[in-house]
Amino acid sequence: DMDLVQLSQCRSIEDVIRYVLEENCISEEEKPSVIMVGDREHDVYGAKKTGLSVIGVLYGYGSREELQSAGTDYLCETPEETAKLLKGMM
């Protein structure tokens with residue numbers, strides 16, 4: 001069985017997301033309640049291609065411009081802001 005690190009080294013971000021969804025038995029009907037958190041444009045693109053909403057975070061490697069141009073649904077500057085946003089979605 002491959003772990004996520006091995007999988008991410010040889011697969012696209014879309015494949016990794018699909019793997020995580022499948023391993024956690026998340027159905028198509030449940031996808032609207034799943035949110036990807038990422039710090040680079042490929043995270044945003046992967047989330048969008050697999051039907052997920054995405055929070056772009058500015059406390060990683062990507063810039064505001066990179067995440068916005070990739071089409072992030074939300075943008076957070078701090079982990080606290082991300083936590084507050086997620087709590088508000090529950």
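Just so we're clear, the structure is a prediction, and the values are computed from it rather than from any experiment.
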Linked, directly or transitively: Val37 and Leu85 (ILVMFWY side chains, under 4.5 Å):
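Hydrophobic grouping puts Val37 with Leu85.
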Is it true that Val57 and Leu86 fall in one hydrophobic cluster, defined by side-chain heavy atoms closer than 4.5 Å?
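Same cluster.
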Calculate, to the nearest 0.5 Å, the distance between atoms CG and CD belonging to Asp39 and Glu66 respectively.
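Between atom CG of Asp39 and atom CD of Glu66 there are 8.0 Å.
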Any chance you could measure Ile17, atom CD1, to Lys48, atom NZ, to the nearest 0.5 Å?
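So the CD1 of Ile17 and the NZ of Lys48 are separated by 11.5 Å.
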Between Glu30 and Ser27: side-chain donor-acceptor atoms closer than 3.5 Å
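Per modelled atom types, Glu30 and Ser27 side chains form a pair under 3.5 Å.
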Side chains of Tyr74 and Ser53: any donor to acceptor distance under 3.5 Å?
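Per modelled atom types, Ser53 and Tyr74 side chains form no pair under 3.5 Å.
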Mind running side-chain contact (heavy atoms from CB on, under 4.5 Å) on Ile13 and Tyr45 for me, showing each step along the way?
CA-CA 8 Å; Ile13 188 71; Tyr45 295 143; 5.8 Å; no
Should Lys31 and Glu28 count as an ion pair when the cut-off is N to O under 4.0 Å?
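Yes, this pair counts.
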For Glu41, enumerate each residue passing the salt bridge (charged side-chain N to carboxylate O under 4.0 Å, His left out) test, keeping only those at least two apart in sequence or located in another chain.
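If we apply the salt bridge (charged side-chain N to carboxylate O under 4.0 Å, His left out) test to Glu41, skipping adjacent residues, there are no hits.
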Identify, with sequence neighbours excluded, every residue that meets salt bridge (charged side-chain N to carboxylate O under 4.0 Å, His left out) alongside Glu77.
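Scan of Glu77 (salt bridge (charged side-chain N to carboxylate O under 4.0 Å, His left out), adjacent residues dropped) gives Arg64.
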So do the side chains of [X] and [Y] get within less than 4.5 Å of each other, counting heavy atoms only?
| X | Y | result |
| --- | --- | --- |
| Cys76 | Leu58 | no |
| Asp73 | Ile55 | no |
| Leu21 | Val34 | yes |

Applying side-chain contact (heavy atoms from CB on, under 4.5 Å), name anything that partners Glu14, two or more places apart in sequence or on another chain.
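Partners of Glu14 under the side-chain contact (heavy atoms from CB on, under 4.5 Å) test: Ser12, Arg18, Lys49, Thr50.
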For Glu22 and Tyr19, indicate whether the former's side chain and the latter's backbone hold a donor-acceptor pair under 3.5 Å.
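Side chain of Glu22 to backbone of Tyr19, a donor-acceptor pair under 3.5 Å: no, none is there.
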Look only at the side chain of Thr72 and the backbone of Gln68, and say whether a donor-acceptor pair between them is shorter than 3.5 Å.
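Not confirmed, Thr72 side chain does not pair with Gln68 backbone.
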After noting the C-alpha distance and the side-chain angles of Leu67 and Val54, does the key distance pass the side-chain contact (heavy atoms from CB on, under 4.5 Å) rule?
CA-CA 10 Å; Leu67 294 167; Val54 61; over 6 Å; no
